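The shown structure was predicted, so the numbers you read here are calculated from the model rather than taken from an experiment.
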Amino acid sequence: MNPFFTEDKIEAGCDEAGRGCISGPVVAAAVILPKDCILPSLNDSKQLSAKKRQQLVPLIKEMALSYSVAFIDQVRIDEINILNASFEAMHKAVDGLNQKPELLLIDGNRFNPYPEIPHECIVKGDAKFLSIAAASVLAKEARDEFMQNIHKEHPEYDWQKNMGYPTKAHKAAVLQYGATKYHRKTFKL
């Protein structure tokens, strides 16, 4: 994994979690790591176990020069669509950084430009760059925690296991109990 895209710019890695879900928010994170950062077990959040991600969260937060996590709820997702909501969440995460980056490294192949900060889109960037991998872990863990909390309100949807993804059991629960305020109404439920 490459630690950095350039050696001379302050980079913030950005990634999101929850784009393919039918319930809950989309969550994005932005992370600026120091140039001498070493986290050998850090990888794309989808490649790590929940236990490993949970162990990495405090290490990432401790090592980061700055980090921010942002949520866009299901109501806003329904208003502007999931792609735009993902971009909005990343912009909001960048807004929350206490240091201004000079370059944004975006996981994926598209992004709405952030004012006055250039960006690079990198397909599978969360497996290539440390800062994007760190953002991936923070976004995924923040979203999972949110879904586990709302599971207490609606245990019939099994969100503590499916995290809002459209599993067979989740779709069956929607058919049986109907949609909640957390479901994305514009998604095929």
Side-chain angles (χ1 to χ4, degrees), residues 1-21 24-73 76 82-148 163:
M1 183 177 295
N2 298 327
F4 298 96
F5 192 79
T6 70
E7 287 297 318
D8 62 334
K9 293 187 191 262
I10 299 168
E11 301 170 1
C14 301
D15 200 3
E16 54 71 30
R19 226 168 115 173
C21 296
V26 65
V27 179
V31 179
I32 299 173
L33 294 173
K35 294 294 182 189
D36 60 352
C37 182
I38 298 172
L39 280 166
S41 58
L42 183 58
N43 199 351
D44 166 14
S45 66
K46 294 177 287 300
Q47 305 299 319
L48 300 170
S49 68
K51 182 179 180 181
K52 190 63 181 168
R53 287 192 310 269
Q54 289 160 8
Q55 291 170 345
L56 281 166
V57 167
L59 296 173
I60 292 166
K61 289 179 176 181
E62 182 182 316
M63 292 188 88
L65 298 173
S66 184
Y67 69 89
S68 174
V69 177
F71 289 69
I72 300 296
D73 70 18
R76 183 70 175 150
I82 188 59
L83 182 62
N84 287 322
S86 296
F87 297 156
E88 188 171 292
M90 287 189 209
H91 280 228
K92 196 172 166 185
V94 172
D95 290 343
L97 294 170
N98 62 19
Q99 183 175 4
K100 185 176 179 181
E102 298 168 313
L103 177 65
L104 301 177
L105 301 181
I106 308 298
D107 183 52
N109 62 359
R110 293 196 295 180
F111 184 64
N112 285 343
Y114 187 93
E116 300 178 21
I117 302 176
H119 69 273
E120 289 288 337
C121 291
I122 302 147
V123 175
K124 298 190 187 301
D126 47 4
K128 296 175 183 172
F129 290 94
L130 285 177
S131 61
I132 300 176
S136 171
V137 168
L138 293 186
K140 171 79 172 127
E141 282 305 300
R143 188 177 191 288
D144 284 2
E145 182 180 350
F146 178 90
M147 296 307 294
Q148 289 162 359
M163 300 303 164

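With contacts defined as side-chain heavy-atom distances shorter than 4.5 Å, the pair P25/I72 does not qualify. D107 places none of its side-chain heavy atoms less than 4.5 Å from the side chain of C14. Counting heavy atoms from C-beta outward, L138 and V31 have side chains that approach closer than 4.5 Å. Using a 4.5 Å heavy-atom threshold, the side chains of E11 and K35 count as touching. Side-chain atoms of K100 and I117, non-hydrogen and from C-beta on, do get closer than 4.5 Å to each other. With a 4.5 Å cut-off on side-chain heavy atoms, I106 and I122 do not count as touching. Residues E120 and L104 form no side-chain contact, since every pair of their non-hydrogen atoms from C-beta on lies 4.5 Å or further apart.
Counting non-hydrogen atoms of other residues, nucleotides and ligands closer than 6.0 Å to CZ of F87 gives a total above 12.
Rounding to the nearest 0.5 Å gives a distance of 7.0 Å between CG of L33 and CG of L39. The distance from atom CG of D126 to atom CG of L42, rounded to the nearest 0.5 Å, is 10.0 Å. Here the CE atom belonging to M63 is positioned 7.0 Å from the CG atom belonging to D36, to the nearest 0.5 angstrom. Taking OG of S86 as the start and CD of E16 as the end, the distance is 4.5 Å to the nearest 0.5 Å. One finds the OG atom of S66 at 12.5 Å from the NZ atom of K61 (value rounded to the nearest 0.5 Å). To the nearest 0.5 Å, atom CD of residue E102 and atom CD1 of residue I32 are 9.0 Å apart.
Minimum heavy-atom separation, M163 to C21: O-SG, 3.7 Å. Pairing each heavy atom of A89 with each of A70, the nearest pair is O-CB, 3.5 Å. Between A12 and L97, the shortest heavy-atom contact is CB-CD1, 3.9 Å. Heavy atoms only, all atoms of each residue included: D15 and I132 are closest at CB-O, 4.1 Å. The two residues A135 and G13 make their nearest non-hydrogen contact at CB-O, 3.5 Å.
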CA sep, side-chain torsions, deciding dist, call: N84, N112, side chain to side chain contact (heavy atoms under 4.5 Å, CB included): CA-CA 8 Å; N84 287 322; N112 285 343; 3.6 Å; yes

Verdict with reasoning, K51 to Q55, per side chain to side chain contact (heavy atoms under 4.5 Å, CB included): CA-CA 6 Å; K51 182 179 180 181; Q55 291 170 345; 3.6 Å; yes

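Applying the ring pair (Phe, Tyr, Trp, His ring centres under 6.0 Å) test to H119 and every residue at least two apart in sequence or in another chain returns F111. Take R19 and apply the side chain to side chain donor-acceptor pair (under 3.5 Å) test, not counting sequence neighbours, and it matches no residue.
At least one donor-acceptor pair under 3.5 Å links the side chain of K92 to the backbone N or O of F71. Between the side chain of R53 and the main chain of L48, a donor-acceptor pair closer than 3.5 Å is present.
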